[in-house]
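To start, the structure itself, in structure tokens.
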Amino acid sequence: MSDLFDKIVSLCKQRGFIFQSSEIYGGLSATYDYGPLGVELKRNVKDRWWEAMVYQHDDIVGLDAAIFMHPKTWEASGHTEAFNDPLIDDKASGNRYRADELIEDYIRGLRMDDEQERAEAVHKRLVRALNSDDTNDALYAIIQDEEIRAPDSGAFDWTEVRQFNLMFETHMGPLKEEGSELFLRPETAQGIFVNFHNVREPVRKHVPFGIAQIGKAFRNEIVARQFVFRMREFEQMEMQYFVKPGTELDRFAEWKQKRMDWHQSLGIRPSKLRFHEHEQLSHYANAAEDIQYEFPIGWKEVEGIHSRTDFDLSRHQEYSGKKMTYYDPFEEERYIPYVVETSVGLDRTILMLLSDAYYEEEVRGDTRSVLRFHPEIAPTRAAIFPLVKKEGLPEIAHRIEDDLRDHFNVLYDERGSMGKRYRRQDEAGTPFCITVDFDTLDDQTVTVRDRDSMEQDRVAIDQLATYIHDKTATWSVDG
RNA sequence: GCGGGAAUAGCUCAGUGGUAGAGCAUCAGCUUCCCAAGCUGAGGGUCGCGGGUUCGAAUCCCGUUUCCCGCUCCA
């Protein structure tokens, strides 16, 4: 783990951004809590995303679907099937296969080669394996004994057969009885798909239009690590854009660019962002690219943009028996819309912002740690200090604090020396520090110190809100 | 999940069988007060948790939890 990453994790704990869940009980794996500063940062990012997606597009509306969904949802989406099976990985290619299907394919191969007896023997063994108490080991033994090779790489280099159960299970109702099993959603997207008509009809939208949602999702990851990068409980910001089949790739290109622009609008350095094309597409996608950020731990995915075809709506139509078609009154045609999805990890975005904003610099032989957040997402917009805590300066500072509260999240601090107070706010990422001094008593002006340049401006008290608004609007990464 | 390493104050760490420490941070007071100034003082740790060995365990042994590194998946 890199030094920089460790420093960010320490700072998060020390300043109250993010810390481990249930720490007094020894912590809970891959689960983190957002403290006072973290929750402000997170809210600001959510607000900014909602503003960019919902308020800036008249063809996108919001939704807040429940975390619990009918179990059939996950059968339709393919999650039940894909994550409740005996899976085996080819170490050579990294591809993952269903162990039982691998063996079935092998049996088909034997039959094609006219080795009927052997095929029958393996088939019997497969049936026994699937009905045994120890299916995984039994399947693994067949693959080993028959020296079944990976279909793509031709390699014979397998992991163990493992039962994957990616979804968290729980029970509806106080009795844990048969048939009451529910899953915590592993993605927010399905809440959008199943509500396609419920949303579209009341808001009278025509295709193309989108539905946006921010919410928690849960995945029982085999390996969940690297701070908030991969958690078992995490938050997604997703938008599903419904389009006419045949137009999806143009929309895909459009959303790719819009989403990249959004990340840059947060103040993220463009050189640290890139697109990354998927090498293999999911069964439901006909185009997929990620937006990656260069974290201190390497290039990692922050957002996925996928052209999901009509897979999801078709499957829900099939499993629910309800029509998921859209009638276009202008073209007078009926079809199941295609979907372009933008899905960004909120916690990953937070980690990206922390990573990108963190700087250490030498100031008069001393090291200054500073989080150079975009002022609009900084947990605290401005801090107000009296130069000394007497001679009436605190009273003036408190009056400024009260005035600015109507505009921004602000904070008052009179403890410690000026230098110390500035440094504290640097580590919290507060972009502006306002100091009431003795001149204020005569001319009603204060100093405003800029977090990034450490330079000060003299500003009239009644101009402070305007000054901060202007500085916020013109802020850029390079200052 | 498998293999390897680690866990001592809010943070970073020292302490290898004999009464728990440092720096930073936090708090109070003084101060000539605009970039972590100085001085004085204070609070805070059953050394991750449980068990064992021992006269005595932060230190040795076992288990467990959490974290880190590799394999893997994704938001």
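Below, read A as the first sequence line, B as the second, and so on, with proteins coming before strands; counting in each chain starts at 1.
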Whole-Å distance between [N] [atom2] and [X] [atom1]?
X        : N      : atom1 : atom2 : answer
A/Glu289 : B/rA75 : CD    : P     : 14 Å
A/Lys7   : B/rG10 : NZ    : P     : 22 Å
A/Gln292 : B/rC74 : CD    : C1'   : 12 Å
A/Leu11  : B/rC11 : CG    : C1'   : 10 Å
A/Asp290 : B/rA75 : CG    : P     : 7 Å
A/Gln20  : B/rG10 : CD    : C1'   : 15 Å
A/Arg232 : B/rC73 : CZ    : C1'   : 12 Å
A/Tyr25  : B/rA7  : OH    : P     : 25 Å

Does [X] reach a base, just sugar-phosphate, or nothing at all? Heavy atoms under 4.0 Å.
X        : answer
A/Glu303 : sugar-phosphate
A/Glu301 : sugar-phosphate
A/Phe229 : base

Could you let me know what [N] is paired to, Watson-Crick or G-U wobble, both distances under 3.5 Å, or none if it's on its own?
N      : answer
B/rA36 : none
B/rA22 : B/rU12
B/rG43 : none
B/rU64 : B/rG48
B/rA57 : none
B/rG17 : none
B/rG70 : B/rC2

Thinking salt bridges, do A/Arg399 and A/Asp403 make one under a 4.0 Å N-O criterion?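 No, this pair does not count.
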
When rounded to the nearest Å, what value does the distance between P atoms of B/rC74 and B/rC24 take?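 Each nucleotide's P atom is 48 Å from the other's.
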
So does A/Ser369 get a backbone contact from the side chain of A/Arg423, meaning a donor-acceptor N/O pair under 3.5 Å? no

Does A/Thr440 reach the main-chain N or O of A/Val436 with its side chain, forming a donor-acceptor pair under 3.5 Å? no

Of the listed B/rU12, B/rC74, B/rC27, the closest approach to the A/Arg348 side chain comes from B/rC74

Does [X] qualify as a cation-pi partner of [Y], given the criterion of NZ or CZ under 6.0 Å from the six-membered ring centre and within 45 degrees of its axis?
X        : Y        : result
A/Arg348 : A/Tyr293 : no
A/Arg219 : A/Phe168 : no
A/Lys42  : A/Tyr34  : yes

For a quick check under 3.5 Å, do A/Thr435 and A/Tyr422 share a side-chain donor-acceptor pair by atom type? yes

N/O donor-acceptor pair, side chain A/Arg219 with base B/rC73, under 3.5 angstrom: no

For A/Arg43, look at atom CZ and say whether over 12 heavy atoms of other residues, nucleotides or ligands are found less than 6.0 Å away.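 Atom CZ in A/Arg43 is not crowded, with 12 or fewer foreign heavy atoms closer than 6.0 Å.
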
What does the B/S/- profile of nucleotides 30-47 of chain B look like, 5' to 3', with a 4.0 Å heavy-atom cutoff to protein? ---BBBBB----------

